[in-house]
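In the text below, chain A, chain B and the rest are named by the order of the sequence lines, each starting its count at 1. Keep in mind the model is a prediction, meaning the values are calculated, not measured.
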Protein chains: 2
Amino acid sequence: MSLTVPSARRDEIVAAARQILEKEGPSNLTMRALAERLEMRAPSLYKHVADKDELEALLIAEALRGMGEALHAALEGLPSRGSKKRALATLARAYRTWALAHPHLYRLATEGELPRALLPDGLEAWTAEPLVRVTGDADRARAAWAFAHGMTILELDGRFPPSADIDAAWEAGTASLSVA
Amino acid sequence: MSLTVPSARRDEIVAAARQILEKEGPSNLTMRALAERLEMRAPSLYKHVADKDELEALLIAEALRGMGEALHAALEGLPSRGSKKRALATLARAYRTWALAHPHLYRLATEGELPRALLPDGLEAWTAEPLVRVTGDADRARAAWAFAHGMTILELDGRFPPSADIDAAWEAGTASLSVA
DNA sequence: GTCTATAGTGGGATAGAC
DNA sequence: GTCTATCCCACTATAGAC
């Protein structure tokens, strides 16, 4: 099965996989369960998708598009000559909101190695673009991304104690991280 | 098998498990492989360890102790009235160095849920203590921890492009994150 | 405390007929 | 493009003898 031949059936498969992933978590996303939801037999899936890795790459691409849309949209609502610090906080809020709304998709797209060879060209960079624009510098963008990802994944993993004021920690970070 | 009954044999099992984990990664740490390394049969392991979860908790405890030692030691070498900013950078270096030296152990201890019920009381707090001391505040400590964990896990996962100047990103973050 | 034997579960993937 | 049949893999964990 070649990589990028589009097909309506395949889109249905990816949509179903996404539903399973988002609602039941990664351990329940098996080729068998996916086939069952589509009312077909598992071996038939392999006529549409090379293997599970390809399927996951298609989901990761959806995640990157979704996150990218959220981040680009967050910046659009802002005055173009406004405070960069404020823009960073806005971006951070959009990032966290998207991740908490799609925790399994967020994890899939941000944990472990990224199967770059299976992703559309330029998608990764497009997703990250708003952050680079606000920080004005690749090093600061990476620092800000690391902070946001760290906060997000630690929250998703239940690493902060119940008493922790997570909003305040985000605030402490975005207020002090340097921007352009 | 009760939780905290110490035993020499169990220490050997944990040590062997750690070797496998560190050298061959988590997917190769199976009860079978562990038994094989110890020249015994897998079922015999269950006389010493309740199950794999308990074994992993013992490894996580080792990781937290190791990281904690590295962080406490890093602060000891510093003048007690020196710059907090400088202390934060020192701590960050120690954190990163430890993680890169023990990537699989680092992942085990920082990814996913922490099995707090199976860990020694106070260990988690002791590991984090140096960071709280330097930032002087729980919110800032969490922000700094999120930054450090984000940088580390993104580096371990190969998320930064080869062209990225990871040292510079660390520097950008630690220089701007606020301290006491 | 070690063994043998094995249960029980689940997964990804392929061959070949229709 | 779908099916049936099946393979092959791997793992955790238990029962019961010694």
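- Across all non-hydrogen atoms, the minimal contact from B/A99 to B/Y106 is CB-CD1, 3.5 Å.
- If you take CG of A/L34 and P of C/dG10, they are 18 Å apart, rounded to a whole angstrom.
- A salt bridge links B/R10 with B/E54: the closest approach of a Lys/Arg side-chain nitrogen to an acidic carboxylate oxygen falls below 4.0 angstrom.
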I would like to know whether A/W145 and A/Y95 meet ring pair (Phe, Tyr, Trp, His ring centres under 6.0 Å); could you show each step before the answer? CA-CA 10 Å; A/W145 176 34; A/Y95 187 97; 8.3 Å; no
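- Here the nucleotide nearest the side chain of B/M40, chosen from C/dG12, C/dT2, D/dT12, is C/dT2.
- Side-chain N/O atoms of B/R9 include one lying less than 4.0 angstrom from OP1 or OP2 on C/dT2.
- Between the CD atom of B/E39 and the P atom of C/dC3 there is a distance of 10 Å, rounded to whole Å.
- Between the CZ atom of B/R10 and the P atom of C/dT2 there is a distance of 14 Å, given to the nearest Å.
- Ion pairing of A/E12 with A/R9 is present here, as a side-chain N (NZ or NE/NH1/NH2) and a carboxylate O approach within less than 4.0 Å.
- For D/dT12, one of the phosphate oxygens OP1 or OP2 lies less than 4.0 angstrom from a side-chain nitrogen or oxygen of B/K52.
- For the side chain to side chain donor-acceptor pair (under 3.5 Å) with A/H102, the lone residue among A/E22, A/E62, A/R107 that qualifies is A/E22.
- Relative to the side chain of B/K47, the nucleotides C/dT14, C/dG1, D/dG1 differ in distance, and C/dG1 lies closest.
- As a whole-Å value, the separation of A/M31 CE from C/dT14 P is 10 Å.
- The A/P43 side chain lies nearest to C/dA13 when the options are C/dT2, C/dA13, D/dT12.
- To the nearest angstrom, C1' of C/dG12 lies 12 Å from CD of A/E56.
- Regarding A/L45, its CG atom lies at a distance of 9 Å from the P atom of D/dT2, rounded to whole Å.
- Contact annotation: side chain of A/R32 to base of C/dG12, donor-acceptor pair present below 3.5 Å.
- The distance between atom CD of A/E54 and atom P of C/dG12, rounded to the nearest whole Å, is 15 Å.
- In this model, the phosphate group of D/dG1 is not approached by any side-chain N or O of A/S44 to a distance below 4.0 Å at OP1 or OP2.
- The nearest whole Å value for the distance from the CG atom in A/D53 to the C1' atom in C/dG11 is 14 Å.
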